[in-house]
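Okay, structure first, notes after.
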Amino acid sequence: MGSDEKLESPKLPFIDFSSKLKPGSPYWDSLKTQVRGALEEYGCFEASLGDDNTVNPGELRRDVFSSLKELFDLPLHTKQQSGVSQPFQHGYAAPNPLLPELWDGRSQFARRGRNLHQNIVALWRKPNNNIHSMAGVVSEFDRTVRRMILESFGLEKYIDEHLSSTTYHFRFMKYEAVQPYGETELGLRVHTDKSFMTILCQNEVGGLELQTNRGEWVKFRPTSPSSFLVLIGDALHVWLNGRVHCLKHKVTLCLLHNKSRYSFGLFTIPKSEYIIKAPQELIGEKHPLRFKPFAYKEYFGLAYSKTGVKDASILHVPEFPPPIVASKL
Ligand SMILES: O=C(O)CCC(=O)C(=O)O
Ligand SMILES: [Fe+2]
């Protein structure tokens with residue numbers, strides 16, 4: 001690694017979840033402390049997941065990316081037969097029969113980049129494929145991390161309510177390689193996620209960039225082939241009264257190997273009627289209430305207004321004016 005590269009890539013926290021997890025064990029407690037520390041300072045961490053005898057996350061991740069390529073390459077008429085619902089950004093939402101008790105029935109396929117095509121995918125006709133397995137792995141991991149976060153703030157009594165207040169969107173993205181060679185282009189604008197939490201994974205093309213709480217942009221380069229990036233979204237930032245950082249991120253594209261960028265993300269979304277309100281335990285003299293309580297759907301409506309995408313600062317109570325944005329693209 002050259003010295004320039006070192007300069008542009010400060011280390012993001014890395015947490016190793018690869019050993020067997022048992023709530024209450026010393027290993028669990030040490031991970032919980034690392035999770036809270038990473039989220040307070042960075043709002044994200046890289047996580048390496050273990051092999052649970054049935055699933056090897058590194059192999060599964062490789063298989064998922066090859067399935068995504070096949071899916072995005074399906075002929076249009078095949079995709080059109082797949083019972084796809086409403087347009088979503090540059091792609092479509094498809095019905096998802098997976099884990100019905102946990103999902104609101106949406107998987108999203110977004111195609112981004114210069115050549116935007118309608119993209120409709122017949123994925124869910126194939127049961128038990130590797131994408132379903134991946135959804136199981138990341139959604140279970142999401143629940144583990146959220147349990148750890150709540151425990152670390154002494155909010156154990158809210159765990160069940162919190163875990164059942166959410167639904168998932170599993171989104172697959174393809175970004176076309178840009179032209180000409182070597183030129184950089186914005187693939188996805190600077191934003192914060194509106195979710196409680198997001199778990200992301202990108203293929204070897206890379207391009208995800210994160211803004212630290214000091215305002216510097218860091219390229220995300222996974223240190224392990226079986227790792228994922230966990231990010232805090234606006235909803236958890238508000239629910240925890242601002243005690244964890246919610247970071248801005250973007251995707252930049254640069255044609256180097258003539259390869260498209262694929263990524264997928266599990267977005268943990270509060271149910272739309274859910275009122276996002278910090279628990280009493282997190283409000284006090286040292287930590288006055290920072291955000292007005294809001295039903296998630298109202299927040300979502302305000303955040304995606306005609307005047308552009310907003311972040312949680314629109315919910316600030318008057319004593320907490322929005323911070324000055326450190327840097328823009
Ligand atoms: O494609 C990625 O890696 C990031 C996608 C993302 O940030 C989003 O959809 O909110
Ligand atoms: Fe995002």
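Here the structure is a predicted model, which means the values were calculated and not measured. The residues of the chain are indexed from 1 along the displayed sequence. Whatever order the structure lists them in is the order used to number ligands and atoms, beginning at 1.
Of all N/O/S atoms in D193, OD1 sits nearest the Fe ion (ligand 2).
In summary, the atoms of ligand 1 found under 4.0 Å from a heavy atom of V251, numbered by their order in the structure, are 1 (O), 2 (C), 4 (C). Applying the 4.0 Å criterion to heavy atoms of H249 picks out, from ligand 1, the atoms 7 (O). For ligand 1, the atoms closer than 4.0 angstrom to any heavy atom of R171 are 8 (C), 9 (O), 10 (O). Less than 4.0 angstrom separates some heavy atom of L188 from each of these atoms of ligand 1: 5 (C), 6 (C), 7 (O), 8 (C), 9 (O).
Contacts between M173 and ligand 1, counted as non-hydrogen atom pairs separated by less than 4.0 Å, involve the side chain only. When non-hydrogen atoms are compared, ligand 1 lies under 4.0 Å from the side chain of D193 (C-beta onward) but not from its backbone.
Aromatic rings from H245 and H237 are positioned such that their centres are separated by 6.0 Å or more. Aromatic rings from F17 and F141 are positioned such that their centres are separated by under 6.0 Å. Ring pair H162/F196: centre-to-centre distance below 6.0 Å.
There is no side-chain donor-acceptor pair under 3.5 Å between Y158 and W239. Residues S30 and K32 have side chains that never bring a donor and an acceptor to within less than 3.5 angstrom of each other.
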Mind running salt bridge (Lys or Arg N to Asp or Glu O under 4.0 Å) on E151 and R147 for me, showing each step along the way? CA-CA 6 Å; E151 280 186 16; R147 185 176 287 278; 5.1 Å; no
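Paired with H249 under the rule side-chain hydrogen bond (donor to acceptor under 3.5 Å, both in side chains), one option of Q211, E209, H191 passes, and it is H191.
Under a 4.0 Å heavy-atom criterion, R261 is in contact with ligand 1.
Backbone and side-chain nitrogen or oxygen atoms of S263 are examined, and one is located within less than 3.5 angstrom of a nitrogen or oxygen of ligand 1.
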